[in-house]
2 protein chains.
Amino acid sequence: MHEKIATIEDVARHAGVSIATVSRALHKPDVVSQTTREKVQAAIATTGYTANVMARNLRLNRSGMILLLVPDIGNPFFSAILSGIEQGASKAGYNVLIGDTQNDPDREATYAAYLRSNQADAMILLNGRLPAPLANSPANATPPVVIACERIPGCGLPTVIIDNEQAAFEATTHLINHGHRKIANVAGPDNNILTVDRTAGYRRALSEHGIAIDPKLTFVGDYSIDAGIAAGRSLLADAKTRPTGLFCASDGMAIGVIVAAKELGLRVPEDVSVFGFDDIHLAAAYDPPLTTVRQPRRRLGEQAITLLLDRLDPKTPNKTGKTDPVIVPTELIIRQSTGPCPQG
Amino acid sequence: MHEKIATIEDVARHAGVSIATVSRALHKPDVVSQTTREKVQAAIATTGYTANVMARNLRLNRSGMILLLVPDIGNPFFSAILSGIEQGASKAGYNVLIGDTQNDPDREATYAAYLRSNQADAMILLNGRLPAPLANSPANATPPVVIACERIPGCGLPTVIIDNEQAAFEATTHLINHGHRKIANVAGPDNNILTVDRTAGYRRALSEHGIAIDPKLTFVGDYSIDAGIAAGRSLLADAKTRPTGLFCASDGMAIGVIVAAKELGLRVPEDVSVFGFDDIHLAAAYDPPLTTVRQPRRRLGEQAITLLLDRLDPKTPNKTGKTDPVIVPTELIIRQSTGPCPQG
DNA sequence: ACCTTCTCTGTAAACGTTTTCATTTTTCAT
DNA sequence: ATGAAAAATGAAAACGTTTACAGAGAAGGT
């Protein structure tokens, strides 16, 4: 089917040298004489030779692949992170292999096995769970793995995250500073570490301002728009108990809340303030433009790959000591979905 | 650093057999005796052996990789397509390698070279341009490449697309059927094949209803929200010449147009109807909910990988004849951003 | 007992590189 | 010219598999 592909041997024959010389001409040009170097170049040109990467990798015992484990590649949330990672990896001569785990532990394990089978040199985890094979790995030899996005408490692996607690604290504080006292927490799933951290920040803000925490003002969602709609309907229906501000753990839920608020004839932000989280692409174009916490996703990816490349670099000493998580800063983006607390 | 990894030889030694037998026990279990099979299994268990994929691939002359060329992995538009591809590939035992070309022909060429260097078995193109090395490839040997998303006229490679022309035609017709006569075309970049097709559909709808095409009612954008805002400001400012309906080549631009319309104090859809394209995730939650053309992106990805796997399958006869593009159907999603043409 | 046939296993070649080591060629001071 | 040092090259091993081939037993029919 394919025309026969040129190997290093073909090049050697054309150039009238040994394959060793061809290889050297390619990888350590300074050690080969001017004239033969030219002969080899010419031979490569005429044969159209491209090195068989698999053979080289076998010999060098590396793959040049960085495996990226992501819970759902279909979720646009990850695309910017991906982009940051891909760019850094590509610049360093690595390729990015995506493993869509679909949150399935079996698939996670399968992909994690790529590390052992030399199919990948390193791994970046975007999902907040350690694949089984890794958990059992000997404690001394830290595998070339970096956690991004969600931290995994006590796993000792290099991690890059945003400070969810602090960001939530600041967002909630912003609402408090605008006079809001009844502030709801539209949270993510209970078991999700992001939610745990964000809820902690929300609570700290209330506590520090002497506001009691009302468990009825917490809604457990799943980051989706629909969850936000449900939250809005449930929290905003009763004018008596209605919060004037809502801190939402995702822009999706914030948008859902706003949809529900409009349904109920409430104006945002005049009647109710809604704070989002993420700063998704459409946040600024929504009506009203969303006040939110900007997650620097691309930056997150860049940091993750930087950390990993650093870890992979043979020149840097092998740091076995647990390193503190790298924290990429968030930013409060104040738009028009929040405002002063209505009187009354 | 790593503890020494077990090779097939270690397994053979533990099991007291030859490496050939180990290999056979793994790949053709029926040809090896019951007892040795068990010995091998045991040896694998104790050694923790996992086959070195690189070595196997070198021997088998395949990589198990499908290279996915995407113009910008950071663009959420692609995530669902990716997901469809990844799922199909994974099911067939292939891995997906993403190549983010950033629309750079050099990067495209670099990645395309992966095919030659055995680093990838096949390729899916999500960008509408043939990488240089492919263009020069001999006409008879069709490389294992599938085009998705954007068609490349006259390239003869298997392609899967949506029928942009027809979808635009239907969308525009919908506006016409609601009484609109002055209908604008908020298009993408001129050189983009998607735009060419969509604009053709828009024009055909007008023609078939005897409506003259007013070049002033076309705005060339770049699919972004900002372009939509610019389009809206420019097209809607003058009440005299203002169109009552706008067909937009992307939901982003549709949203931008709506933002601009609201700025100008126009109501959507009472004063002006806006038709989008894509059905992005937030389309339904926008205010007003967006009428749009649903692009089945995941489906697109599924079809692409199906086509490719079919092409790769040695069992199916090698079809050299040019095949017609696979067309995945779109769907008009009528929400509230369009309505009847206002009187007057 | 002997040949045939089958089932099972081992030997060794091959895949296309890189790199060590030894060898050849060149350079250059004497 | 000569030898030593330096530079350039080639032969061959190695990376970890799969598989063609052949050989060794075992089974079974005559």
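Letters A, B, ... are given to chains in the order of the sequence lines, protein chains preceding strands, and every chain is numbered from 1. In this text, all values refer to a predicted model and were calculated from it rather than measured experimentally.
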| note | Sorted by chain and residue number, the salt bridge (Lys or Arg N to Asp or Glu O under 4.0 Å) partners of A:Arg56 (sequence neighbours excluded) come out as none

| remark: The salt bridge (Lys or Arg N to Asp or Glu O under 4.0 Å) partners of A:Glu302 (sequence neighbours excluded) come to A:Arg298, A:Arg299

| said: In whole Å, I'd like the distance from the NZ atom of A:Lys28 to the P atom of C:dT17. | reply: 17 Å

| Interatomic distance, B:Glu9 CD vs C:dG10 C1' [rounded to whole Å] | 13 Å

| field | Heavy-atom side-chain contact between A:Leu308 and A:Tyr94 under 4.5 Å | value | no

| note | Taken to the nearest whole Å, CD/B:Gln119 to P/C:dG16 is 16 Å

| Length of the line joining A:Leu60:CG and C:dT17:P, which is rounded to integer Å | 12 Å

| Just how far, in rounded Å, is P of D:dG16 from CZ of A:Arg62? | 16 Å

| message | Categorize A:Ser23 for me: base, sugar-phosphate, or nothing, with a 4.0 angstrom heavy-atom threshold over every strand shown. | response | base

| message | Are the side chains of A:Ile5 and A:Asp10 in contact, using a 4.5 Å heavy-atom criterion? | response | no

| field | Gap between atoms CZ and C1', on B:Arg56 and C:dC15 respectively (whole Å) | value | 14 Å

| query | Should C:dT30 form a Watson-Crick or G-U wobble pair with both distances under 3.5 Å, which nucleotide is its partner? | reply | D:dA1

| task | Check every strand shown and say whether B:Asn52 touches a base, only sugar-phosphate, or nothing at a heavy-atom separation below 4.0 Å. | result | sugar-phosphate

| task | Would you check if the side chain of B:Thr159 reaches a backbone N or O of B:Leu157 as a donor-acceptor pair within less than 3.5 Å? | result | yes

| Within this structure, what is the CE-to-C1' distance between A:Met54 and C:dC15, rounded to whole angstrom? | 10 Å

| Would you call B:Ile124 and B:Ile305 a side-chain contact if the rule is heavy atoms closer than 4.5 Å? | yes

| request: Would you mind reading off the distance between B:His27 atom NE2 and D:dT17 atom P, rounded to a whole angstrom? | output: 9 Å

| request: Please say which of A:Asn57, A:Asp121, A:Asn118 ends up in a side chain to side chain donor-acceptor pair (under 3.5 Å) with A:Ser63. | output: A:Asp121

| task | Indicate for each nucleotide in nucleotides 6-11 of chain D, in 5' to 3' sequence, whether protein heavy atoms under 4.0 Å reach the base (B), only the sugar-phosphate (S), or nothing (-). | result | --SBBB

